[in-house]
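Please read the structure below before turning to the comments.
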Amino acid sequence: MSVQRNGYSFEGLPLSEVPNGTNLLVTGPALGGIRTLLLRMLLRGNRREGALFITADTDGPTALSEYAAVGGEHDPMRVGVVDCTETGVDDAEHNVHAVGSPNDLTGIGIEFSSLYESLYANGAERVRTGVYTLAPFVVYSSVKPVYRFLHTLTGRIRTADGLGVCAIDPDAVETETLTSLAQAFDGRVVLRSENGEAAIRVEGLADQPDGWQRVEF
Amino acid sequence: MAGLTIACVDGDPQARRETRDALVEGGHDVVSCGTVGEAADLIGTGDIDCVVTEYALPDGTGLNLTDRIRKRSPDTPCVLFTDASPDRIDSTGYEDVVVEYLPRDTPEAHDSLSRLVENVVAQRTQVGYPLPPEEDERLAALAQYDLPGLNAADTFDRLAALAQHRFGVDVAFVGLVDAHEERFLACAGEDWETLDREDTMCTHTILEDDSLVVEDVSADPRFADNERLVELDIAAYAGVPLRTRQGATIGAFCLTHSEPRSFSEAKIADLQRFADEAMEQFELRRRLAEAGSDTSADPSPEPPTEEPRETSETAPDPQDDTGGELS
(Lines give C-alpha, C1' and ligand atoms only; values in the text may rest on other atoms or scores of the structure.)
Protein backbone atom coordinates (compact mmCIF):
# COMPACT_ATOMS: atom_id res chain seq x y z
CA MET A 1 0.00 0.00 0.00
CA SER A 2 1.45 3.36 -0.96
CA VAL A 3 1.47 6.14 1.56
CA GLN A 4 0.00 9.52 0.72
CA ARG A 5 2.31 11.99 2.39
CA ASN A 6 0.41 15.14 1.47
CA GLY A 7 -2.37 16.42 3.67
CA TYR A 8 -5.98 16.92 2.67
CA SER A 9 -6.87 19.65 0.20
CA PHE A 10 -10.28 21.19 -0.49
CA GLU A 11 -10.82 22.02 -4.12
CA GLY A 12 -12.89 25.13 -4.73
CA LEU A 13 -12.92 26.20 -1.09
CA PRO A 14 -10.80 28.97 0.46
CA LEU A 15 -9.04 26.49 2.73
CA SER A 16 -5.41 25.48 2.69
CA GLU A 17 -4.32 21.88 2.98
CA VAL A 18 -4.61 20.34 6.45
CA PRO A 19 -2.33 17.61 7.84
CA ASN A 20 -3.29 13.95 7.84
CA GLY A 21 -5.17 13.01 10.99
CA THR A 22 -6.87 16.39 11.37
CA ASN A 23 -10.32 16.66 12.96
CA LEU A 24 -12.32 19.80 12.21
CA LEU A 25 -15.47 21.19 13.76
CA VAL A 26 -17.60 23.13 11.28
CA THR A 27 -20.12 25.53 12.78
CA GLY A 28 -22.72 27.63 11.06
CA PRO A 29 -26.42 28.12 10.48
CA ALA A 30 -28.31 25.03 9.38
CA LEU A 31 -29.96 26.97 6.55
CA GLY A 32 -26.83 28.88 5.58
CA GLY A 33 -25.10 26.22 3.54
CA ILE A 34 -23.29 24.26 6.25
CA ARG A 35 -24.39 20.89 4.88
CA THR A 36 -23.07 21.80 1.43
CA LEU A 37 -19.82 23.04 2.95
CA LEU A 38 -19.34 19.75 4.79
CA LEU A 39 -20.12 17.66 1.70
CA ARG A 40 -17.63 19.67 -0.36
CA MET A 41 -14.96 19.17 2.28
CA LEU A 42 -15.58 15.44 1.94
CA LEU A 43 -15.04 15.35 -1.82
CA ARG A 44 -12.37 12.78 -2.42
CA GLY A 45 -9.08 14.10 -3.76
CA ASN A 46 -8.67 10.97 -5.86
CA ARG A 47 -10.23 7.54 -6.24
CA ARG A 48 -7.85 5.99 -3.72
CA GLU A 49 -9.48 8.04 -1.00
CA GLY A 50 -12.58 6.86 0.82
CA ALA A 51 -15.49 8.86 2.22
CA LEU A 52 -17.69 7.95 5.17
CA PHE A 53 -20.80 9.82 6.28
CA ILE A 54 -22.46 9.63 9.66
CA THR A 55 -25.82 11.21 9.08
CA ALA A 56 -28.29 11.98 11.81
CA ASP A 57 -30.89 14.19 10.17
CA THR A 58 -31.26 12.77 6.67
CA ASP A 59 -31.27 9.13 5.62
CA GLY A 60 -28.40 7.44 3.84
CA PRO A 61 -29.74 7.59 0.25
CA THR A 62 -30.47 11.32 0.66
CA ALA A 63 -26.97 11.95 1.96
CA LEU A 64 -25.47 10.13 -1.02
CA SER A 65 -27.69 12.06 -3.45
CA GLU A 66 -26.58 15.34 -1.93
CA TYR A 67 -22.96 14.21 -2.12
CA ALA A 68 -23.44 13.47 -5.81
CA ALA A 69 -25.03 16.89 -6.29
CA VAL A 70 -21.83 18.64 -5.18
CA GLY A 71 -19.72 16.41 -7.44
CA GLY A 72 -19.05 13.41 -5.23
CA GLU A 73 -18.68 10.05 -6.90
CA HIS A 74 -20.45 7.21 -5.15
CA ASP A 75 -18.16 4.23 -5.27
CA PRO A 76 -19.79 1.79 -2.81
CA MET A 77 -16.46 0.05 -2.26
CA ARG A 78 -14.93 3.20 -0.86
CA VAL A 79 -17.86 5.39 0.10
CA GLY A 80 -20.40 4.48 2.77
CA VAL A 81 -22.94 5.83 5.20
CA VAL A 82 -23.84 5.18 8.83
CA ASP A 83 -27.50 6.18 8.89
CA CYS A 84 -28.54 7.22 12.39
CA THR A 85 -32.07 8.34 11.56
CA GLU A 86 -35.00 6.50 13.09
CA THR A 87 -36.31 5.58 9.65
CA GLY A 88 -32.99 4.38 8.25
CA VAL A 89 -32.68 0.94 6.66
CA ASP A 90 -29.68 -1.10 5.61
CA ASP A 91 -28.84 -0.85 1.93
CA ALA A 92 -25.94 -3.12 1.00
CA GLU A 93 -25.95 -2.01 -2.63
CA HIS A 94 -25.18 1.57 -1.63
CA ASN A 95 -23.13 0.65 1.44
CA VAL A 96 -25.62 2.22 3.86
CA HIS A 97 -25.68 0.86 7.41
CA ALA A 98 -28.64 1.80 9.59
CA VAL A 99 -28.42 2.14 13.36
CA GLY A 100 -32.00 3.21 14.09
CA SER A 101 -31.52 6.09 16.48
CA PRO A 102 -29.15 9.01 17.08
CA ASN A 103 -29.47 8.08 20.75
CA ASP A 104 -27.56 4.82 20.21
CA LEU A 105 -24.00 6.12 20.39
CA THR A 106 -22.68 2.61 21.10
CA GLY A 107 -24.30 1.24 17.96
CA ILE A 108 -23.17 4.21 15.87
CA GLY A 109 -19.59 3.79 17.08
CA ILE A 110 -19.62 0.08 16.22
CA GLU A 111 -21.05 0.68 12.74
CA PHE A 112 -18.54 3.48 12.16
CA SER A 113 -15.56 1.32 13.17
CA SER A 114 -16.79 -1.58 11.05
CA LEU A 115 -17.38 0.59 7.98
CA TYR A 116 -14.10 2.48 8.46
CA GLU A 117 -12.17 -0.80 8.52
CA SER A 118 -14.04 -2.13 5.50
CA LEU A 119 -13.22 0.95 3.39
CA TYR A 120 -9.53 0.39 4.09
CA ALA A 121 -9.94 -3.33 3.41
CA ASN A 122 -11.50 -2.38 0.05
CA GLY A 123 -8.40 -0.46 -0.94
CA ALA A 124 -8.95 3.04 0.36
CA GLU A 125 -5.61 4.53 1.32
CA ARG A 126 -7.19 7.09 3.59
CA VAL A 127 -10.71 8.17 4.45
CA ARG A 128 -12.58 11.46 4.86
CA THR A 129 -15.27 11.16 7.53
CA GLY A 130 -18.14 13.61 7.92
CA VAL A 131 -20.77 13.90 10.65
CA TYR A 132 -23.94 15.82 9.88
CA THR A 133 -24.94 16.85 12.36
CA LEU A 134 -23.71 16.53 15.93
CA ALA A 135 -26.81 18.25 17.29
CA PRO A 136 -29.09 15.18 17.59
CA PHE A 137 -26.40 13.29 19.50
CA VAL A 138 -26.07 16.15 21.95
CA VAL A 139 -29.82 16.59 22.27
CA TYR A 140 -30.72 12.90 22.73
CA SER A 141 -27.80 11.77 24.92
CA SER A 142 -26.19 12.95 28.12
CA VAL A 143 -22.85 14.65 27.78
CA LYS A 144 -20.50 11.91 29.05
CA PRO A 145 -21.29 9.40 26.28
CA VAL A 146 -21.14 12.21 23.72
CA TYR A 147 -17.59 13.01 24.84
CA ARG A 148 -16.75 9.28 24.70
CA PHE A 149 -18.20 8.98 21.23
CA LEU A 150 -16.34 12.04 19.93
CA HIS A 151 -13.02 10.96 21.46
CA THR A 152 -13.44 7.49 19.92
CA LEU A 153 -14.33 8.90 16.52
CA THR A 154 -11.59 11.53 16.38
CA GLY A 155 -9.04 9.12 17.88
CA ARG A 156 -9.63 6.56 15.13
CA ILE A 157 -9.39 9.25 12.46
CA ARG A 158 -6.21 10.71 13.96
CA THR A 159 -4.52 7.33 14.22
CA ALA A 160 -5.43 6.33 10.67
CA ASP A 161 -4.23 9.64 9.16
CA GLY A 162 -7.80 10.32 8.12
CA LEU A 163 -9.76 13.56 7.97
CA GLY A 164 -12.72 14.23 10.25
CA VAL A 165 -15.28 16.97 9.66
CA CYS A 166 -18.16 17.32 12.12
CA ALA A 167 -20.84 19.96 11.61
CA ILE A 168 -23.17 21.63 14.07
CA ASP A 169 -25.41 24.65 14.14
CA PRO A 170 -24.38 26.68 17.22
CA ASP A 171 -27.99 27.72 17.74
CA ALA A 172 -28.96 24.08 18.25
CA VAL A 173 -26.95 23.66 21.47
CA GLU A 174 -25.92 25.69 24.49
CA THR A 175 -22.77 27.77 24.15
CA GLU A 176 -21.13 25.93 27.06
CA THR A 177 -21.75 22.59 25.38
CA LEU A 178 -20.33 23.74 22.08
CA THR A 179 -17.23 25.18 23.73
CA SER A 180 -16.43 21.98 25.57
CA LEU A 181 -17.19 19.74 22.57
CA ALA A 182 -14.80 21.85 20.51
CA GLN A 183 -11.95 20.57 22.71
CA ALA A 184 -12.07 17.27 20.82
CA PHE A 185 -11.10 18.96 17.54
CA ASP A 186 -7.87 20.35 16.14
CA GLY A 187 -9.52 23.41 14.68
CA ARG A 188 -12.75 25.03 13.70
CA VAL A 189 -14.23 26.29 10.44
CA VAL A 190 -16.85 28.96 11.09
CA LEU A 191 -19.46 29.61 8.42
CA ARG A 192 -21.51 32.78 8.34
CA SER A 193 -24.28 33.66 5.95
CA GLU A 194 -25.45 37.25 5.64
CA ASN A 195 -27.64 38.81 2.98
CA GLY A 196 -27.26 35.76 0.81
CA GLU A 197 -23.47 35.79 0.96
CA ALA A 198 -21.53 33.06 2.69
CA ALA A 199 -18.04 33.27 4.13
CA ILE A 200 -15.83 31.00 6.22
CA ARG A 201 -13.06 31.63 8.72
CA VAL A 202 -10.60 29.09 10.11
CA GLU A 203 -9.71 29.07 13.81
CA GLY A 204 -7.01 27.09 15.55
CA LEU A 205 -5.13 25.79 12.54
CA ALA A 206 -1.81 27.07 11.23
CA ASP A 207 -1.16 28.19 7.68
CA GLN A 208 -4.75 28.98 6.78
CA PRO A 209 -6.13 32.13 5.13
CA ASP A 210 -6.62 34.97 7.60
CA GLY A 211 -10.07 36.38 8.28
CA TRP A 212 -13.33 35.82 6.47
CA GLN A 213 -13.13 34.24 3.05
CA ARG A 214 -16.07 34.38 0.72
CA VAL A 215 -17.37 31.02 -0.43
CA GLU A 216 -19.77 30.23 -3.26
CA PHE A 217 -22.29 27.44 -2.91
CA MET B 1 3.29 1.79 24.20
CA ALA B 2 4.23 -1.64 25.51
CA GLY B 3 3.76 -2.75 29.09
CA LEU B 4 0.02 -2.31 29.45
CA THR B 5 -2.07 -4.61 31.61
CA ILE B 6 -4.95 -5.91 29.54
CA ALA B 7 -7.92 -8.04 30.54
CA CYS B 8 -8.80 -10.54 27.83
CA VAL B 9 -12.35 -11.88 28.13
CA ASP B 10 -13.60 -14.71 25.95
CA GLY B 11 -15.69 -17.76 26.75
CA ASP B 12 -13.89 -19.82 24.10
CA PRO B 13 -10.59 -21.05 25.63
CA GLN B 14 -8.79 -21.37 22.30
CA ALA B 15 -9.84 -17.95 21.02
CA ARG B 16 -8.94 -16.45 24.39
CA ARG B 17 -5.51 -18.07 24.27
CA GLU B 18 -4.86 -16.78 20.75
CA THR B 19 -5.84 -13.24 21.70
CA ARG B 20 -3.79 -13.37 24.87
CA ASP B 21 -0.73 -14.67 23.02
CA ALA B 22 -1.00 -11.89 20.44
CA LEU B 23 -1.18 -9.21 23.12
CA VAL B 24 1.71 -10.76 25.08
CA GLU B 25 3.73 -10.78 21.89
CA GLY B 26 2.98 -7.07 21.65
CA GLY B 27 4.74 -6.60 24.96
CA HIS B 28 1.75 -6.45 27.27
CA ASP B 29 0.73 -8.23 30.44
CA VAL B 30 -2.55 -10.08 30.00
CA VAL B 31 -4.98 -11.49 32.51
CA SER B 32 -7.60 -13.78 31.03
CA CYS B 33 -11.04 -14.89 32.01
CA GLY B 34 -14.17 -16.27 30.41
CA THR B 35 -17.20 -14.55 31.89
CA VAL B 36 -18.68 -11.13 32.64
CA GLY B 37 -18.62 -11.89 36.35
CA GLU B 38 -14.95 -12.86 36.43
CA ALA B 39 -14.01 -9.83 34.35
CA ALA B 40 -15.96 -7.44 36.57
CA ASP B 41 -14.04 -8.77 39.56
CA LEU B 42 -10.76 -8.18 37.72
CA ILE B 43 -11.71 -4.58 36.99
CA GLY B 44 -12.36 -4.10 40.68
CA THR B 45 -8.66 -4.57 41.35
CA GLY B 46 -8.05 -1.26 39.56
CA ASP B 47 -4.92 -2.37 37.70
CA ILE B 48 -6.39 -2.91 34.25
CA ASP B 49 -5.44 -0.46 31.47
CA CYS B 50 -7.82 -1.87 28.85
CA VAL B 51 -10.40 -4.63 28.41
CA VAL B 52 -10.58 -6.71 25.24
CA THR B 53 -13.74 -8.77 25.12
CA GLU B 54 -15.69 -11.04 22.81
CA TYR B 55 -19.30 -9.91 22.36
CA ALA B 56 -21.06 -13.16 23.27
CA LEU B 57 -20.06 -14.41 26.72
CA PRO B 58 -21.50 -17.31 28.75
CA ASP B 59 -23.21 -15.05 31.29
CA GLY B 60 -23.91 -11.95 29.22
CA THR B 61 -22.32 -9.83 26.52
CA GLY B 62 -19.33 -7.58 26.07
CA LEU B 63 -21.67 -4.60 26.27
CA ASN B 64 -23.08 -5.92 29.53
CA LEU B 65 -19.49 -6.04 30.81
CA THR B 66 -18.69 -2.57 29.50
CA ASP B 67 -21.72 -1.19 31.29
CA ARG B 68 -20.43 -2.61 34.57
CA ILE B 69 -16.98 -1.20 33.89
CA ARG B 70 -18.41 2.27 33.21
CA LYS B 71 -19.95 2.20 36.69
CA ARG B 72 -16.80 1.07 38.52
CA SER B 73 -13.92 2.41 36.46
CA PRO B 74 -15.45 4.75 33.89
CA ASP B 75 -12.25 5.72 32.06
CA THR B 76 -11.14 2.13 31.34
CA PRO B 77 -11.32 1.59 27.58
CA CYS B 78 -13.13 -1.45 26.22
CA VAL B 79 -12.63 -3.10 22.85
CA LEU B 80 -15.09 -5.56 21.33
CA PHE B 81 -12.86 -8.03 19.47
CA THR B 82 -15.46 -10.31 18.06
CA ASP B 83 -16.83 -12.61 15.43
CA ALA B 84 -20.16 -10.81 15.71
CA SER B 85 -20.98 -8.43 12.87
CA PRO B 86 -22.56 -5.10 13.85
CA ASP B 87 -26.05 -6.27 12.89
CA ARG B 88 -25.75 -9.13 15.42
CA ILE B 89 -24.81 -6.81 18.25
CA ASP B 90 -27.77 -5.69 20.32
CA SER B 91 -26.97 -2.36 21.95
CA THR B 92 -30.45 -1.97 23.44
CA GLY B 93 -30.02 -0.77 26.99
CA TYR B 94 -26.35 0.00 26.40
CA GLU B 95 -26.67 2.93 24.00
CA ASP B 96 -24.40 5.16 26.06
CA VAL B 97 -21.51 2.85 27.04
CA VAL B 98 -19.51 3.43 23.79
CA VAL B 99 -16.83 0.85 22.90
CA GLU B 100 -14.22 0.27 20.24
CA TYR B 101 -15.03 -2.49 17.78
CA LEU B 102 -12.68 -4.68 15.78
CA PRO B 103 -13.92 -7.70 13.82
CA ARG B 104 -11.83 -10.84 14.18
CA ASP B 105 -11.85 -11.25 10.42
CA THR B 106 -10.01 -7.95 9.91
CA PRO B 107 -6.80 -8.55 7.90
CA GLU B 108 -3.89 -9.02 10.33
CA ALA B 109 -6.43 -8.80 13.14
CA HIS B 110 -4.07 -9.48 16.03
CA ASP B 111 -1.60 -6.80 14.95
CA SER B 112 -4.50 -4.39 14.49
CA LEU B 113 -5.78 -5.26 17.94
CA SER B 114 -2.43 -4.48 19.59
CA ARG B 115 -2.26 -1.13 17.83
CA LEU B 116 -5.86 -0.30 18.66
CA VAL B 117 -5.40 -1.10 22.34
CA GLU B 118 -2.27 1.02 22.53
CA ASN B 119 -4.00 3.90 20.79
CA VAL B 120 -7.15 3.91 22.92
CA VAL B 121 -5.05 3.90 26.08
CA ALA B 122 -2.54 6.51 24.92
CA GLN B 123 -5.18 8.84 23.49
CA ARG B 124 -7.69 8.23 26.32
CA THR B 125 -10.40 7.86 23.71
CA GLN B 126 -13.12 6.54 25.99
CA VAL B 127 -13.17 9.21 28.67
CA GLY B 128 -16.48 10.98 29.27
CA TYR B 129 -15.15 14.51 29.54
CA PRO B 130 -13.18 17.05 27.49
CA LEU B 131 -9.40 16.70 27.57
CA PRO B 132 -6.92 19.58 27.59
CA PRO B 133 -4.90 19.71 24.37
CA GLU B 134 -1.63 19.05 26.20
CA GLU B 135 -2.88 16.42 28.66
CA ASP B 136 0.34 14.37 28.75
CA GLU B 137 2.39 17.47 29.52
CA ARG B 138 -0.16 18.52 32.13
CA LEU B 139 0.07 15.15 33.90
CA ALA B 140 3.87 15.30 33.78
CA ALA B 141 3.73 18.72 35.45
CA LEU B 142 1.29 17.41 38.05
CA ALA B 143 3.77 14.68 38.97
CA GLN B 144 6.35 17.36 39.81
CA TYR B 145 4.04 18.99 42.32
CA ASP B 146 2.06 16.03 43.65
CA LEU B 147 4.92 14.78 45.78
CA PRO B 148 4.95 11.91 48.27
CA GLY B 149 5.24 13.37 51.74
CA LEU B 150 4.00 16.73 50.52
CA ASN B 151 2.94 17.38 54.08
CA ALA B 152 0.95 20.41 53.16
CA ALA B 153 -2.36 19.30 54.61
CA ASP B 154 -2.37 21.86 57.39
CA THR B 155 -1.56 24.71 55.05
CA PHE B 156 -4.24 23.80 52.53
CA ASP B 157 -6.74 23.07 55.30
CA ARG B 158 -6.20 26.61 56.59
CA LEU B 159 -6.62 28.09 53.13
CA ALA B 160 -9.78 26.10 52.45
CA ALA B 161 -11.28 27.05 55.83
CA LEU B 162 -10.47 30.71 55.24
CA ALA B 163 -12.07 30.58 51.82
CA GLN B 164 -15.19 28.86 53.11
CA HIS B 165 -15.60 31.61 55.68
CA ARG B 166 -14.63 34.43 53.33
CA PHE B 167 -17.13 33.51 50.61
CA GLY B 168 -19.90 32.17 52.84
CA VAL B 169 -20.18 28.88 50.97
CA ASP B 170 -20.85 25.34 52.09
CA VAL B 171 -17.59 23.93 50.79
CA ALA B 172 -14.18 25.25 49.75
CA PHE B 173 -11.49 22.89 48.51
CA VAL B 174 -8.10 22.45 46.88
CA GLY B 175 -8.23 19.66 44.30
CA LEU B 176 -5.65 18.02 42.06
CA VAL B 177 -6.97 16.67 38.76
CA ASP B 178 -5.00 13.57 37.85
CA ALA B 179 -5.45 11.17 34.98
CA HIS B 180 -8.66 9.53 36.15
CA GLU B 181 -9.87 11.25 39.30
CA GLU B 182 -9.75 14.42 41.32
CA ARG B 183 -8.13 14.20 44.73
CA PHE B 184 -9.06 16.71 47.38
CA LEU B 185 -5.99 17.82 49.31
CA ALA B 186 -8.10 19.98 51.57
CA CYS B 187 -11.86 20.26 51.82
CA ALA B 188 -13.52 22.61 54.31
CA GLY B 189 -17.17 21.82 54.94
CA GLU B 190 -17.07 18.23 53.65
CA ASP B 191 -14.77 15.23 53.83
CA TRP B 192 -14.48 14.48 50.13
CA GLU B 193 -11.36 12.51 49.23
CA THR B 194 -11.66 11.56 45.56
CA LEU B 195 -14.14 11.84 42.72
CA ASP B 196 -14.15 10.16 39.31
CA ARG B 197 -12.88 12.71 36.86
CA GLU B 198 -15.93 12.46 34.62
CA ASP B 199 -18.07 13.60 37.56
CA THR B 200 -15.94 16.61 38.47
CA MET B 201 -16.55 20.19 37.47
CA CYS B 202 -12.84 20.92 37.93
CA THR B 203 -11.97 18.92 34.83
CA HIS B 204 -13.80 21.70 32.98
CA THR B 205 -12.18 24.41 35.11
CA ILE B 206 -8.69 23.33 34.03
CA LEU B 207 -9.68 24.13 30.44
CA GLU B 208 -10.40 27.74 31.36
CA ASP B 209 -7.94 30.62 31.20
CA ASP B 210 -9.25 32.33 34.32
CA SER B 211 -12.17 30.70 36.09
CA LEU B 212 -15.30 28.62 35.77
CA VAL B 213 -18.40 29.97 37.44
CA VAL B 214 -21.66 28.01 37.34
CA GLU B 215 -24.35 29.85 39.24
CA ASP B 216 -26.95 27.13 38.78
CA VAL B 217 -25.55 23.67 38.10
CA SER B 218 -28.96 22.26 37.17
CA ALA B 219 -29.23 24.80 34.35
CA ASP B 220 -25.84 24.08 32.79
CA PRO B 221 -25.99 21.38 30.09
CA ARG B 222 -22.51 20.14 30.95
CA PHE B 223 -23.58 19.20 34.47
CA ALA B 224 -27.38 19.12 34.57
CA ASP B 225 -27.60 15.32 34.31
CA ASN B 226 -24.63 14.60 36.58
CA GLU B 227 -26.18 12.58 39.40
CA ARG B 228 -23.02 12.61 41.46
CA LEU B 229 -23.17 16.40 41.78
CA VAL B 230 -26.72 16.08 43.07
CA GLU B 231 -25.57 13.49 45.61
CA LEU B 232 -22.85 15.89 46.76
CA ASP B 233 -25.39 18.71 47.01
CA ILE B 234 -23.54 20.93 44.58
CA ALA B 235 -25.93 23.51 43.14
CA ALA B 236 -23.45 26.34 42.51
CA TYR B 237 -19.74 26.29 41.76
CA ALA B 238 -16.81 28.64 41.27
CA GLY B 239 -13.32 27.40 40.50
CA VAL B 240 -9.97 28.91 39.54
CA PRO B 241 -7.24 26.78 37.92
CA LEU B 242 -4.03 26.06 39.80
CA ARG B 243 -1.47 26.91 37.15
CA THR B 244 2.27 26.37 37.33
CA ARG B 245 4.70 29.06 36.25
CA GLN B 246 5.22 27.08 33.06
CA GLY B 247 1.49 27.29 32.33
CA ALA B 248 0.39 23.74 33.15
CA THR B 249 -2.85 23.42 35.09
CA ILE B 250 -2.67 20.81 37.83
CA GLY B 251 -5.92 21.36 39.68
CA ALA B 252 -8.26 24.01 41.00
CA PHE B 253 -9.21 26.06 44.05
CA CYS B 254 -12.98 25.86 44.28
CA LEU B 255 -16.16 26.79 46.09
CA THR B 256 -19.47 24.95 46.06
CA HIS B 257 -22.84 25.76 47.54
CA SER B 258 -26.05 23.84 48.03
CA GLU B 259 -28.22 26.59 46.55
CA PRO B 260 -27.82 28.44 43.27
CA ARG B 261 -25.95 31.68 43.85
CA SER B 262 -23.90 34.29 42.09
CA PHE B 263 -20.26 35.26 42.58
CA SER B 264 -19.28 38.87 41.94
CA GLU B 265 -16.23 39.70 39.84
CA ALA B 266 -14.53 40.96 42.98
CA LYS B 267 -15.11 37.65 44.71
CA ILE B 268 -13.71 35.72 41.77
CA ALA B 269 -10.67 38.00 41.91
CA ASP B 270 -10.30 37.07 45.56
CA LEU B 271 -10.70 33.39 44.73
CA GLN B 272 -7.89 33.86 42.23
CA ARG B 273 -5.71 35.14 45.09
CA PHE B 274 -6.47 32.03 47.12
CA ALA B 275 -5.48 29.93 44.11
CA ASP B 276 -2.28 31.95 43.71
CA GLU B 277 -1.46 31.36 47.36
CA ALA B 278 -2.11 27.62 47.06
CA MET B 279 0.06 27.46 43.97
CA GLU B 280 2.89 29.23 45.76
CA GLN B 281 2.71 26.60 48.47
CA PHE B 282 2.96 23.87 45.84
CA GLU B 283 5.85 25.68 44.18
CA LEU B 284 7.71 26.11 47.45
CA ARG B 285 7.43 22.43 48.27
CA ARG B 286 8.46 21.40 44.78
CA ARG B 287 11.57 23.53 45.07
CA LEU B 288 12.37 22.12 48.47
CA ALA B 289 12.04 18.60 47.15
CA GLU B 290 14.17 19.52 44.15
CA ALA B 291 16.84 20.86 46.45
CA GLY B 292 16.72 17.66 48.45
CA SER B 293 15.40 19.36 51.54
CA ASP B 294 13.40 17.62 54.19
CA THR B 295 9.81 18.22 53.12
CA SER B 296 8.50 16.79 56.37
CA ALA B 297 9.15 20.14 57.98
CA ASP B 298 6.50 22.80 57.42
CA PRO B 299 8.31 25.41 55.33
CA SER B 300 5.87 28.19 56.10
CA PRO B 301 7.54 30.45 58.66
CA GLU B 302 4.27 32.03 59.68
CA PRO B 303 1.08 30.27 58.72
CA PRO B 304 -1.51 32.72 57.50
CA THR B 305 -4.04 33.67 60.12
CA GLU B 306 -5.94 36.06 57.94
CA GLU B 307 -7.00 36.09 54.34
CA PRO B 308 -4.01 35.65 52.08
CA ARG B 309 -2.69 38.78 50.41
CA GLU B 310 -4.80 41.84 50.10
CA THR B 311 -8.38 41.37 49.09
CA SER B 312 -10.31 43.59 46.77
CA GLU B 313 -13.18 43.91 49.21
CA THR B 314 -12.84 44.91 52.83
CA ALA B 315 -16.24 43.71 53.90
CA PRO B 316 -18.38 40.76 52.91
CA ASP B 317 -20.79 41.44 50.11
CA PRO B 318 -24.21 40.91 51.70
CA GLN B 319 -25.81 40.04 48.41
CA ASP B 320 -23.28 37.32 47.66
CA ASP B 321 -22.90 36.02 51.17
CA THR B 322 -26.60 35.56 51.65
CA GLY B 323 -26.66 33.41 48.62
CA GLY B 324 -27.47 35.79 45.76
CA GLU B 325 -29.98 33.14 44.89
CA LEU B 326 -31.21 32.97 41.36
CA SER B 327 -34.87 33.16 40.70
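Residue numbers begin at 1 in each chain, while the letters A, B, ... track the order of the sequences.
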Just verifying a value: how many Å separate B:Arg70 CZ and A:Lys144 NZ, rounded to the nearest 0.5 Å? 11.5 Å
More than 12 heavy atoms of other residues, nucleotides or ligands under 6.0 Å from CD of A:Glu203: is that the case? yes
Closer than 4.0 angstrom, basic N to acidic O: yes or no for A:Arg148 and B:Glu198? yes
Please check if atom CD in A:Glu93 has more than 12 non-hydrogen atoms from other residues, nucleotides or ligands closer than 6.0 Å. no
Using the side-chain contact (heavy atoms from CB on, under 4.5 Å) rule, take A:Leu105 and B:Asp96 through it: C-alpha gap first, then chi angles, then the decisive distance, then the call. CA-CA 6 Å; A:Leu105 294 177; B:Asp96 59 359; 5.8 Å; no
Would you compute the distance between atom OH of B:Tyr101 and atom CG of A:Leu115 and round it to the nearest 0.5 angstrom? 11.5 Å
Side-chain donor or acceptor of A:His151 paired with backbone N/O of B:Tyr129 under 3.5 Å: yes
Within the supplied structure, the quantity of interest is the number of heavy atoms (other residues, nucleotides, ligands) at a distance under 6.0 Å from B:Arg72 CZ; does it exceed 12? yes
Among B:Ala122, B:Pro86, B:Pro74, B:Ser112, which residue has the highest count of heavy-atom pairs closer than 4.5 Å to chain A? B:Pro86
Shortest non-hydrogen contact from A:Thr106 toward B:Leu63: CG2-CD2, 3.8 Å
Residue, of A:Asp186, A:Asn103, A:Thr154, that accumulates the most heavy atom pairs under 4.5 Å with chain B: A:Asn103
Assess whether a salt bridge exists between A:Glu174 and B:Arg222, defined as any Lys/Arg side-chain N lying under 4.0 Å from an Asp/Glu carboxylate O. no
Interatomic spacing from OG in A:Ser113 to CG in B:Leu102 - rounded to 0.5 Å: 8.5 Å
Atom CG of B:Asp220 and atom CD of A:Glu176: how far apart are they, to the nearest 0.5 Å? 5.0 Å
Is a donor on one side and an acceptor on the other found under 3.5 Å between the side chain of B:Thr125 and the backbone of A:Gly155? no
Mind checking the CG-CD spacing from B:Asp87 to A:Glu111? Nearest 0.5 Å is all I need. 7.5 Å
Give the intermediate values and the outcome of side-chain contact (heavy atoms from CB on, under 4.5 Å) for residues B:Leu116 and A:Arg156. CA-CA 9 Å; B:Leu116 180 59; A:Arg156 262 251 178 176; 3.7 Å; yes
For residues A:Pro145 and B:Val98, report the shortest heavy-atom separation together with the two atoms involved. O-CG2, 3.9 Å
Chi angles and distances behind the side chain to side chain donor-acceptor pair (under 3.5 Å) call for B:Glu95, A:Ser101: CA-CA 9 Å; B:Glu95 293 89 348; A:Ser101 169; over 6 Å; no
Pick from B:Leu80, B:Val127, B:Asp199: which one has the most heavy-atom pairs with chain A under 4.5 Å? B:Val127
Drop me the distance from A:Ser180's OG to B:Leu131's CG, to the nearest 0.5 angstrom. 11.5 Å
A:Tyr147, A:Tyr116, A:Phe112: which one forms the most heavy-atom pairs within less than 4.5 Å of chain B? A:Tyr147
Side-chain donor-acceptor contact under 3.5 Å, B:Gln126 with A:Thr152: no
